[in-house]
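Below is one structure, written out as structure tokens, with a few remarks after it.
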Amino acid sequence: VVVTLDGEGPVGLAGIAPADEAVAAGVTALSGQARAVVVAGKSMGGRMATHLAAQPEAIQDFLLTTSILNRLSAPVCDAITDRSATGGSAEVLIKLDKANLFLIPLDVERRWYRYHHLFAELLRARLNAHYPGEVAALHLRAAQWFEQAEEVNEALEHFCAAQAFE
């Protein structure tokens, strides 16, 4: 495991088992000057891929689908994952947050999140590799949701990513 300290803090702490609490305590005590600490010889990308592969298929699909978002909340996730009838995204986000699975809260109420930038890159690469034909449609759904929410900048970003220039 490589525990990387970047602008987002100790990113390798995600998924550390209770047996690794001493490692976690030692890493959080490090100063911001350190860039990486090799704990058990596994790369950060490998650690993230391992955590992704360990998730149930439904969670993996959720992660891949929502990876197009720079910031996510339950309502926008519901809109792009077709869960709007069930409202299931709130439960998934809570589960991911509690599991410390590379999800970073953006507000105190924990309504808005984003994925750690390295995890988001991994997810987007997998999305593009496995479902290249669906990416534009996902961006279009996100654009429509952000437009209805009067979030113009994010709506425009997703309309452009979907190449919906009408």
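Treat the numbers as computed from the prediction; the structure is a model and nothing was measured.
Heavy-atom neighbours of Glu109 CD from other residues, nucleotides or ligands within 6.0 Å: above the threshold of 12.
At least one side-chain heavy atom of Ser89 sits under 4.5 Å from a side-chain heavy atom of Thr81. Under the 4.5 Å side-chain criterion, counting only non-hydrogen atoms from C-beta, Leu123 is not in contact with Thr66. Using a 4.5 Å cut-off on side-chain heavy atoms (C-beta onward), Phe146 and Leu69 make contact. Side-chain contact between Trp112 and Pro105 is absent, with no heavy-atom pair separated by less than 4.5 Å. Residues Arg71 and Tyr113 are not in side-chain contact: their nearest non-hydrogen atoms beyond the backbone lie 4.5 Å or more apart. Counting heavy atoms from C-beta on, the side chains of Leu63 and Tyr115 come closer than 4.5 Å. Counting heavy atoms from C-beta on, the side chains of Arg114 and Leu106 come closer than 4.5 Å.
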**Study point:** salt bridge (Lys or Arg N to Asp or Glu O under 4.0 Å) between Glu121 and Arg126, worked out
**Key:** CA-CA 9 Å; Glu121 286 178 26; Arg126 296 237 173 136; over 6 Å; no

Point to revise | Stepwise side chain to side chain contact (heavy atoms under 4.5 Å, CB included) check, Leu103 with His116 | key: CA-CA 6 Å; Leu103 189 68; His116 183 276; over 6 Å; no

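If you take CZ on Arg110 and NZ on Lys98, they are separated by 10.5 Å, rounding to the nearest 0.5 Å. Atom OG of residue Ser67 and atom CZ of residue Arg124 lie 6.0 Å apart, to the nearest 0.5 angstrom.
Taking both residues in full, the closest heavy atoms of Trp145 and Ala79 are given as CD1-CB, 3.6 Å, listed atom of the first, atom of the second, then distance. When all heavy atoms are compared, the tightest approach of Ala136 to Ala162 is O-CB, 3.4 Å. Listed here is the closest heavy atom pair of Cys77 and Leu93: SG-CD1, 4.4 Å.
Partner His158 forms a side-chain contact (heavy atoms from CB on, under 4.5 Å) with one of Asn153, Leu140, Ile68, Leu138 and no other, that one being Ile68.
No side-chain donor from either of Thr65 and Tyr131 sits under 3.5 Å from a side-chain acceptor of the other.
Hydrophobic clustering (side-chain heavy atoms under 4.5 Å, transitive across Ile, Leu, Val, Met, Phe, Trp, Tyr) keeps Phe159 apart from Val135.
Checking side-chain atoms of Asn128 against main-chain N and O of Pro132 turns up no donor-acceptor pair under 3.5 Å. Checked by atom type and distance alone, the side chain of Arg141 pairs as donor or acceptor with a backbone atom of Ile80 at under 3.5 Å.
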